[in-house]
There are 2 protein chains.
Amino acid sequence: MNALADQKLGAADIAALIRREISKGSLQLHDRLPPERVLSETYGAARGTIRKALTHLEKEGFVETRAGSGTYVVHKPDETSASAIENATPLELMDTRFALEPHICRLAVLHGRHSDFDRMEDLCNRMEDCLDDPVGFSDADTDFHRALAECTRNGLLIWMLDQIANVRSEDDWTRMRHLTLDSRTIGIYNVQHRQILNAVRTREPERAANIMKEHLETARLSLTRASET
Amino acid sequence: MNALADQKLGAADIAALIRREISKGSLQLHDRLPPERVLSETYGAARGTIRKALTHLEKEGFVETRAGSGTYVVHKPDETSASAIENATPLELMDTRFALEPHICRLAVLHGRHSDFDRMEDLCNRMEDCLDDPVGFSDADTDFHRALAECTRNGLLIWMLDQIANVRSEDDWTRMRHLTLDSRTIGIYNVQHRQILNAVRTREPERAANIMKEHLETARLSLTRASET
DNA sequence: CGAATTTGAACCAATAGTATACCAGAACTT
DNA sequence: AAGTTCTGGTATACTATTGGTTCAAATTCG
């Protein structure tokens, strides 16, 4: 139905396009849509068609239309910041970390400074004192990963990692994660952290990234193991 | 901010602009807005229109107006879209895309469906009709990358990519980016988009990821080339 | 073919927007 | 302290724009 369609758009197609604009956020709450006559031009459809699409969207509650004034968005993009983050599942989170953190390692190799590495060294020591303290380990772990991100000197990346950390600090999660943190697991993590730090220090980008992948894979395994029980 | 250019701004449009300034943080708590007569000039609208916009914002609780004194901001900015996003540089952005998008390709291979691919196909066609229309291309391009992200079925990843798209839509950027978009460059991008789509379709994760890296590398090059001139 | 949809146009009624003038209170200057 | 300047508040008359409606012809699609 959609493969070749760029010329003739039906009312349903247009409704779909606008609906997408809204849930994507390009059209935000209280925004006014362009007038029907303009939409008719931009979508290459007659005004009546646009009108049907809008009527449909109005029934669905995406939009409200006021005579003589315009058509307005009445629908919060379901999730924006808040619930996209709040509703993230553990697996979604892991996949996102798989995207970000190996590359963060590579950039850390490029931009990291001695002071960064010293700080990470401290955090490694702190974590190694936490073999039997899941909570303390967890805090230091978060700090370690953030310190690594700070090496990149990239505010956007750091910010994204912080968003992830916010997800991780949701209550039930923290509890679940602590379940998986026996002293054996913490020991493994500590070794991996050290290896990552060393690889970054000796400026081996791919090695650092690969160890990070291993590290995340380990974490994912213990996560799935925990959710099976 | 909508499909319309910058000619005729209605009260709703102006309200939207100011609302965004506030939630973005450019207008901070207790700041005083310019006088209505000035706003009227800067937005090219009559004072009555400005007035309607402000009244609307006051009802929404963004702003408080005191006769004889001025109109003041009464609303904290969204903490999510804080400074990290607004101050991101083009290179920071590219590095972040380098982290996210290749991995998004891999996950798209895992979770993408036919309907996703059809939609991306449509977008490829749309982009190929835009060899001489940088603005149209740019919009379709953003949609393409988002559609790819949607394949992952990972709300967190999609949300992160949206944040990036928000950075990219900052005004000065859009201008800069359009400078780099001659029809030759657009042609190259189109080929790469097709290749990515095909690799995802044929379920070749690493191939898809590698082409995405190439794609981003191309984009980074034309960016640095543009900023040298 | 036949039903459903889309089109294009004209007209209506509601609302928004423009331009101007004047008022009263707040803030600043002297 | 007094006066000037700036600010939002209000009113009005006119124009422009917008959605609402209708209808017949053209098009699409099963």
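The sequence lines fix the lettering, A, B, ..., with proteins before strands; numbering per chain opens at 1.
- We find that CD of A/Glu58 is positioned 11 Å from C1' of D/dG19, with the value rounded to whole Å.
- Minimum atom distance to the side chain of B/Ala67 is reached by D/dG9, of the listed C/dT6, C/dA16, D/dG9.
- Of the side-chain N and O atoms in B/Arg51, none sit less than 4.0 angstrom from OP1 or OP2 of D/dG8.
- The separation between A/Leu57 atom CG and D/dG19 atom P is 14 Å, rounded to whole Å.
- Atom CG in A/Leu33 sits about 13 Å away from atom C1' in D/dT18, given to the nearest Å.
- The number of heavy-atom neighbours closer than 6.0 Å to CD of A/Glu41, taken from other residues, nucleotides and ligands shown, is 12 or below.
- C/dG8 atom P lies 12 Å from atom CD1 of A/Ile50, rounded to whole Å.
- Set against C/dT7, D/dT18, D/dG8, the side chain of A/Pro35 has D/dT18 as its closest nucleotide.
- Listed nucleotides: D/dT10, C/dC11, D/dT21. Nearest to the side chain of A/Arg37: C/dC11.
- If you check the side chains of A/His111 and A/Asn154, you find no donor sitting under 3.5 Å from an acceptor.
- Remark: B/His215 NE2 is packed, more than 12 non-hydrogen atoms of other residues, nucleotides or ligands lying under 6.0 Å away.
- Spacing between atom OH of A/Tyr72 and atom P of C/dA16 amounts to 6 Å, rounded to whole angstrom units.
- Comparing atom distances between the A/Arg47 side chain and each of C/dG17, C/dA21, D/dG20 picks out D/dG20 as nearest.
- Comparing D/dG8, C/dT6, C/dT15 by their nearest atom to the side chain of A/Lys52 picks out C/dT6.
- Listed nucleotides: D/dG19, C/dG8, C/dT15. Nearest to the side chain of A/Ala46: C/dG8.
- Distance CG (A/Leu39) to P (D/dT17): 17 Å, rounded to an integer number of Å.
- The side chain of B/Ser69 contributes no N or O atom lying less than 4.0 Å from OP1 or OP2 of D/dT7.
- Residue B/Arg66 is classed as a sugar-phosphate contact, given heavy-atom separations below 4.0 Å to backbone atoms only.
- Within the structure, every side-chain polar atom (N or O) of A/Thr65 is placed at least 4.0 Å from both OP1 and OP2 of D/dT18.
- Rounded to whole Å, atom C1' of C/dT6 lies 13 Å from atom CG of A/Asp13.
- Residues satisfying the side-chain hydrogen bond (donor to acceptor under 3.5 Å, both in side chains) test with B/Glu128, not counting sequence neighbours, are B/Arg194.
- For the pair A/Arg32 CZ and D/dG19 P, the interatomic distance rounds to 7 Å; values are reported in whole Å.
- For A/Thr49, the listed nucleotide lying nearest its side chain is C/dT6; candidates were C/dT6, D/dG19, C/dA26.
- Counting only distance, with no hydrogens or angles, the side chain of B/Asn210 and the backbone of B/Arg207 share no donor-acceptor pair below 3.5 Å.
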